[in-house]
Amino acid sequence: MTWPCKHGERPPGRHDLVFVSPAGWRAMLDARDDLAAETLLAHWPKMRWPTIRRRALPGEATGLALGLPLPPSAGKRRISLLVDVGHVASIARPPLLRQARAYAPLNWWSTLDRLDALALRHAVNARVFGSLAWQSLTGLDYVTNRSDLDVLFEFQGETDIDRLVADVAAIEADAPMRIDGELMGADSDAVNWREVHGGASELLVKSIERVALLGRHQFISGAMGS
């Protein structure tokens, strides 16, 4: 798919937030009779809440593949959408961890502060996706007492990946929630931090186009742009 240049914006990638124009929302919802009963979905265009870029499914040849999860109170349904790229108003990265802190349960705050300090120490960006991200973006109740904390660590340069994941594991040992998430390099490919911490020689690498096994050294060196 050819991405039209918009003020220097790159094509939306993995975990990117995609804001759709009102006309785009009308087109998407008009094409989906099955979504008529999802009354909460009508708030997305009214409140200008984002969708998230997702990997296209087989047969989805036309349009940009987007998605959004409804909160637990609405059944946690994952909504898959397709939009014409001309209806994309803007794109953004997921919220920074420190930006989402205020929307987290109070007993999460200490863990979030430790992760934020860890990110500063390792010179990586720590962002959130999953339930905490959606709660911070919409104000709706997504986080429950069974929720994981999903963190995206964006690394580059000379980041010591092994030390980073060891430090995350140490923080999780004292955390009130499971810390899930990914390490994402400069090329936007990502792996689960637990696989790296576990010392696997091959890693399951995810991009917006595909999922593939890649050697540990090959992923780390490639993701760091070397």
Side-chain angles (χ1 to χ4, degrees), residues 14-20 25 29 32 34-55 57 65-81 92-119 124-154 165 167-184 190-198 204 206 211:
R14 184 169 170 77
H15 295 303
D16 275 348
L17 304 176
V18 180
F19 294 82
V20 177
W25 272 108
L29 296 179
R32 294 284 302 276
D34 62 305
L35 297 179
E38 300 290 358
T39 55
L40 185 59
L41 198 56
H43 288 272
W44 255 257
K46 292 178 181 177
M47 301 300 294
R48 299 182 180 179
W49 291 336
T51 61
I52 192 167
R53 181 79 162 98
R54 62 175 173 84
R55 189 177 300 111
L57 300 173
L66 306 175
L68 62 89
L70 296 178
S73 62
K76 298 180 67 173
R77 180 182 176 184
R78 294 181 178 274
I79 307 293
S80 296
L81 300 164
R93 296 299 290 142
L96 290 167
L97 184 148
R98 68 179 67 94
Q99 294 173 330
R101 180 184 186 274
Y103 297 87
L106 290 178
N107 67 329
W108 283 27
W109 283 16
S110 176
T111 299
L112 295 177
D113 290 344
R114 291 180 67 190
L115 287 170
D116 192 42
L118 172 70
V124 301
N125 284 329
R127 300 183 183 275
V128 294
F129 59 102
S131 58
L132 180 56
W134 286 104
Q135 186 154 304
S136 71
L137 290 164
T138 66
L140 301 176
D141 292 328
Y142 280 85
V143 178
T144 71
N145 57 11
R146 296 183 302 276
S147 293
D148 296 341
L149 170 62
D150 297 299
V151 186
L152 181 66
F153 295 101
E154 298 175 331
V165 296
D167 288 346
V168 174
I171 292 174
E172 186 188 44
D174 299 323
M177 83 298 276
R178 173 184 168 90
I179 300 175
D180 205 352
E182 297 180 345
L183 307 171
M184 179 177 282
V191 299
N192 189 286
W193 75 268
R194 292 182 190 279
E195 287 191 41
V196 179
H197 183 56
L204 190 66
K206 299 179 180 181
V211 176

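Keep in mind the model is a prediction, meaning the values are calculated, not measured.
- Relative ring orientation between W49 and W44 is described as perpendicular, the plane-to-plane angle rising above 60° on a 0-90° scale split at 30° and 60°.
- Scanning all heavy atoms of the two residues, the minimum distance from M177 to S147 falls at CB-O, 3.9 Å.
- Residues L17 and F129 fail the side-chain proximity criterion, which asks for heavy atoms closer than 4.5 Å.
- A salt bridge links D116 to R98: one of the charged nitrogens lies within less than 4.0 Å of a carboxylate oxygen.
- Taking CG from L81 and CG from L68, the interatomic distance works out to 5.5 Å, rounded to the nearest 0.5 Å.
- Shortest non-hydrogen contact noted between H15 and P94 is O-CG, 3.2 Å.
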Next on the checklist: L204 vs N192, test: side-chain contact (heavy atoms from CB on, under 4.5 Å). Steps then yes/no.
Outcome noted: CA-CA 8 Å; L204 190 66; N192 189 286; over 6 Å; no
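- Applying the salt bridge (charged side-chain N to carboxylate O under 4.0 Å, His left out) test to R48 and every residue at least two apart in sequence or in another chain returns nothing.
- In this structure, CG in L132 is found 9.0 Å from CG in L137, a value given to the nearest 0.5 Å.
- Looking at E172, its side chain does come within 3.5 Å of a backbone N or O of I179 through a donor-acceptor pair.
- In terms of heavy-atom proximity, V128 sits nearest to A133 at O-CB, 3.4 Å.
- Under a 3.5 Å cut-off, the side chain of S131 and the backbone N or O of Y142 do not form any donor-acceptor pair.
- Of the inter-residue distances, the one linking D16 atom CG with R54 atom CZ reads 15.0 Å to the nearest 0.5 angstrom.
- With sequence neighbours excluded, the residues forming a salt bridge (charged side-chain N to carboxylate O under 4.0 Å, His left out) with D174 are R114, listed by chain and number.
- To the nearest 0.5 Å, the span separating CG on L70 from NE2 on H43 amounts to 11.0 Å.
- Here the closest heavy-atom approach between residue D141 and residue P71 is recorded as O-CB, 3.5 Å.
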Next on the checklist: If you apply the rule side-chain contact (heavy atoms from CB on, under 4.5 Å), what do you find for T138 with M47, and how did you get there?
Outcome noted: CA-CA 8 Å; T138 66; M47 301 300 294; over 6 Å; no
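- To the nearest 0.5 Å, the span separating CG on L183 from NE2 on H197 amounts to 11.5 Å.
- Side-chain atoms of E154 never come within 3.5 Å of backbone atoms of R127 as a donor-acceptor pair (strictly under, hydrogens ignored).
- Separating the CG atom in L97 from the CG atom in L152 is a distance of 11.0 Å, to the nearest 0.5 Å.
- Here the side chains of L149 and L112 are in contact, with some heavy-atom distance below 4.5 Å.
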Next on the checklist: Between T51 and I79, is the side-chain contact (heavy atoms from CB on, under 4.5 Å) condition met? List the steps.
Outcome noted: CA-CA 10 Å; T51 61; I79 307 293; over 6 Å; no
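- Not one N or O on the side chain of E182 forms a donor-acceptor pair closer than 3.5 Å with the backbone of A190.
- In terms of heavy atoms, L115 sits closest to F153 at CD2-CZ, 4.2 Å.
- Contacts of W108 classified as ring pair (Phe, Tyr, Trp, His ring centres under 6.0 Å), with partners at least two apart in sequence or in another chain: none.
- Summarising the geometry of W193 relative to V165, their closest heavy-atom pair is CZ3-O, 3.6 Å, with the distance given to 0.1 Å.
- Between the side chain of E38 and the backbone N or O of L35 there is no donor-acceptor pair closer than 3.5 Å.
- Contact check on D148 versus R194 returns no salt bridge, with no Lys/Arg side-chain nitrogen under 4.0 Å from an Asp/Glu carboxylate oxygen.
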